[in-house]
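Below is one structure, written out as structure tokens; the observations come after it.
Quick note on labels: first sequence line is chain A, next is B, and so on, each numbered from 1.
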Protein chains: 2
Amino acid sequence: MNKLDESLLTSLPPFRNFSKTQIRTVLDLATPKRFGQELAVFTEGDPAKRFYLLLDGHIRVVRTTPNGDQIIVLHIAPGQLFGIAAAMRRDTYPATAMTADECLTLSWPNALWHKFAEDYPGFATENYKTVGERMGEVNNRVVEMATQHVEQRVACTLLRLINQNGKKVENGIAIDFPITRQNLSEMTGTTLHTVSRLLSAWQKEGIVASTRKRVAVTDPHRLVLISEAGI
Amino acid sequence: MNKLDESLLTSLPPFRNFSKTQIRTVLDLATPKRFGQELAVFTEGDPAKRFYLLLDGHIRVVRTTPNGDQIIVLHIAPGQLFGIAAAMRRDTYPATAMTADECLTLSWPNALWHKFAEDYPGFATENYKTVGERMGEVNNRVVEMATQHVEQRVACTLLRLINQNGKKVENGIAIDFPITRQNLSEMTGTTLHTVSRLLSAWQKEGIVASTRKRVAVTDPHRLVLISEAGI
DNA sequence: GCCCAAGTTTGTTGTAGAGCAATGTCGTGG
DNA sequence: CCACGACATTGCTCTACAACAAACTTGGGC
């Protein structure tokens with residue numbers, strides 16, 4: 001068990017404005033856990049017993065079809081809750097959470113969701129707001145998939161990734177966790193081949209810079225143009 | 001103003017188990033309204049001031065892209081709440097609600113959401129459950145769009161429609177509101193031409209029976225096969 | 001009953017992008 | 001340090017489906 005600093009939580013939306021003692025209680029009840037890369041925190045269909053907070057690292061939330069196709073539903077960044085099926089009164093997790101890199105999570109039994117919500121007004125509010133935003137994003141994705149070409153969708157996806165998980169580097173903004181062409185294709189509903197071709201082409205034009213498992217955007221503005229018009 | 005029967009609400013999930021006087025209060029505070037076909041109940045971007053319950057008819061929830069493409073995000077059946085942006089703490093509606101046929105709605109100012117939730121435990125629970133289910137469905141759609149062919153997607157969409165809005169008729173199960181090829185194409189991310197061709201082909205095979213603005217499924221089982229394998 | 005607009009059907013053509021296959025490169029573990 | 005597996009690139013082919021075009025059908029309004 002790691003020593004947990006109170007300051008870890010006080011800045012996060014769901015726990016903002018909690019009193020010092022309340023934060024301490026929340027931390028006392030939490031179970032911390034470290035994960036290596038590419039491990040499942042929980043699996044689709046498992047009984048939903050706990051909800052999680054990601055303190056460090058990055059999580060991919062993934063669904064698998066009956067034919068074995070896998071698609072990435074959502075990315076979780078540090079400071080966000082995930083596995084909140086409980087809050088939506090589901091009894092099993094609707095998707096699998098995989099670590100994209102080394103992760104540190106806190107988790108609590110579902111029963112505590114209700115306790116937190118009762119004891120600390122603002123907890124539920126903040127989280128339902130998050131759910132609302134995620135709902136908006138996934139609807140955006142449906143619209144994107146229905147109306148845009150592969151090239152535009154990949155551009156949109158990259159832009160979203162650098163917005164939510166971008167880290168400034170010398171030549172642009174990098175996605176700060178490992179991501180393969182395959183992963184990108186699973187987010188856009190295409191094949192790794194097509195993604196590879198697009199990244200190669202964009203690299204030649206100086207729009208992106210990618211290496212194995214890493215992608216950085218060097219010219220976000222051009223990418224926006226592509227995402228809007230397909231050039 | 002129509003006389004509102006208490007029995008209208010007592011059977012609906014969000015209000016189930018309310019006391020008789022509670023139901024009466026809910027009804028007293030509600031504003032009923034009738035709509036003709038193809039009218040907007042509220043519009044994307046409008047300030048979200050009220051939330052709605054559909055008593056009769058069918059509602060399409062629609063998003064419009066900057067280029068004017070329109071896609072149907074969700075269908076609302078009688079007895080369901082919609083426009084619950086308030087519950088997700090959004091200040092504008094994220095989509096437009098259009099009537100598919102003649103509709104009767106009740107609506108309440110957003111402030112009452114919180115009152116209902118406080119006064120009547122079970123109201124919030126029931127509704128967040130609904131949100132969770134809708135989230136699951138829209139994620140399913142993303143997966144569908146990412147992995148399935150047009151033929152399969154149209155089949156899936158028809159099956160979902162007859163499940164949620166099906167009415168038994170002599171030769172099968174009909175979608176009990178007007179729906180055009182164009183509408184179906186907006187739900188599946190294709191063109192009305194392709195939908196028309198598919199319906200014609202399926203009609204020849206005796207799988208569906210469609211007329212102008214009406215679609216019925218005569219052989220759901222075959223449609224399931226198509227949705228799964230593409231046949 | 002007739003007209004018109006909205007909805008539908010059907011044909012043709014062009015192309016985005018999937019599918020397949022072969023080769024190249026990186027980095028990790030023995 | 002080497003070998004192997006995982007990841008990536010690239011070329012070729014082929015098809016599903018969008019895009020365009022044009023005629024046909026239906027039903028509601030005058």
Side-chain angles (χ1 to χ4, degrees), chain A residues 36-38 60 65 67-71 98 100-102 144-155 157 175 177-205 208-216 226 229-231, chain B residues 36-38 60 65 67-71 98 100-102 144-155 157 175 177-205 208-216 226 229-231:
Chain A
Q37 291 184 210
E38 299 295 327
R60 279 190 259 280
T65 68
N67 335 329
D69 297 310
Q70 201 169 71
I71 93 117
M98 295 283 294
D101 48 10
E102 307 255 312
E144 253 176 43
M145 309 247 327
T147 63
Q148 299 190 325
H149 288 187
V150 170
E151 189 177 25
Q152 297 174 276
R153 299 206 302 266
V154 176
T157 302
I175 299 167
F177 56 87
I179 188 163
T180 64
R181 312 290 186 262
Q182 174 70 35
N183 288 330
L184 282 169
S185 77
E186 283 167 12
M187 303 179 68
T188 47
T190 179
T191 61
L192 77 163
H193 308 273
T194 302
V195 171
S196 180
R197 277 178 242 270
L198 283 172
L199 288 185
S200 297
W202 290 342
Q203 184 131 4
K204 279 203 193 83
E205 304 207 17
V208 303
S210 67
T211 62
R212 158 176 287 232
K213 286 202 184 198
R214 293 282 166 182
V215 181
I226 293 172
I231 286 294
Chain B
Q37 291 183 213
E38 299 296 327
R60 279 190 258 281
T65 69
N67 334 330
D69 297 311
Q70 202 170 68
I71 93 118
M98 297 283 293
D101 48 10
E102 306 254 314
E144 249 178 60
M145 309 246 326
T147 61
Q148 297 190 325
H149 288 185
V150 170
E151 190 176 24
Q152 298 174 277
R153 299 208 301 267
V154 176
T157 302
I175 299 167
F177 58 87
I179 188 163
T180 64
R181 314 290 186 262
Q182 174 71 34
N183 287 330
L184 282 168
S185 77
E186 283 166 12
M187 303 179 68
T188 46
T190 179
T191 61
L192 78 164
H193 308 273
T194 303
V195 172
S196 178
R197 278 178 239 270
L198 284 172
L199 287 185
S200 297
W202 290 342
Q203 185 130 2
K204 279 204 193 85
E205 304 209 18
V208 304
S210 67
T211 63
R212 161 175 285 231
K213 288 203 183 193
R214 293 281 167 183
V215 181
I226 293 172
I231 285 295

Using side-chain heavy atoms (C-beta onward) and a distance below 4.5 Å, is [X] in contact with [Y]?
| X | Y | result |
| --- | --- | --- |
| B:T65 | A:Q148 | no |
| A:V195 | A:T190 | yes |
| A:K213 | A:N183 | no |

request  = List for me each residue that meets side chain to side chain contact (heavy atoms under 4.5 Å, CB included) alongside B:A100, sequence neighbours excluded, and say none if there are none.
outcome  =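 Once residues adjacent in sequence are excluded, the partners of B:A100 under the side chain to side chain contact (heavy atoms under 4.5 Å, CB included) criterion are B:H58, B:R60, B:F177.
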message = If the condition is side chain to side chain contact (heavy atoms under 4.5 Å, CB included), which residues does B:A216 pass it with, not counting sequence neighbours?
response =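 Counting only residues at least two positions away or on another chain, B:A216 forms a side chain to side chain contact (heavy atoms under 4.5 Å, CB included) with B:A174.
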If you round to the nearest 0.5 Å, how far is [atom2] of [Y] from [atom1] of [X]?
| X | Y | atom1 | atom2 | answer |
| --- | --- | --- | --- | --- |
| B:I175 | B:L184 | CD1 | CG | 6.0 Å |
| B:M145 | B:Q152 | CE | CD | 13.0 Å |
| A:T147 | B:E186 | OG1 | CD | 11.5 Å |

Between atom [atom1] in [X] and atom [atom2] in [N], what is the gap in whole Å?
| X | N | atom1 | atom2 | result |
| --- | --- | --- | --- | --- |
| A:E151 | C:dA16 | CD | P | 10 Å |
| B:I179 | C:dG7 | CD1 | P | 13 Å |
| A:R153 | C:dA16 | CZ | P | 14 Å |

query = When you match A:R181 and B:V150 each to their closest nucleotide on DNA chain D, which lands nearer the 5' end?
reply =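 Mapping each residue to its closest nucleotide by heavy atoms, the 5'-most match is A:R181.
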task = Give me the residues of residues 192-205 of chain A where at least one heavy atom lies under 4.0 Å from an atom of DNA chain C, by number, or none.
result =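 The stretch gives A:H193, A:T194, A:R197 as the residues lying under 4.0 Å from the strand, ordered by number.
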request  = Give me the first and last nucleotide of DNA chain D, going 5' to 3', that has any atom under 4.0 Å from a heavy atom of chain A.
outcome  =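 It runs D:dA6 to D:dC12.
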query = Which one of B:T188, B:T194, B:I226 satisfies the side chain to side chain contact (heavy atoms under 4.5 Å, CB included) criterion with B:E151?
reply =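 The passing option is B:I226.
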task = Measure the angle between the two terminal helix axes of the helix from C:dG1-D:dC30 to C:dG30-D:dC1, five base pairs each, and quote it to 10°.
result =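 For the helix from C:dG1-D:dC30 to C:dG30-D:dC1, the axes at either end differ by 40°.
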note = Readout for nucleotides 25-30 of chain C: B = base within 4.0 Å of protein heavy atom, S = sugar-phosphate only, - = neither; 5' to 3' it is BBS---
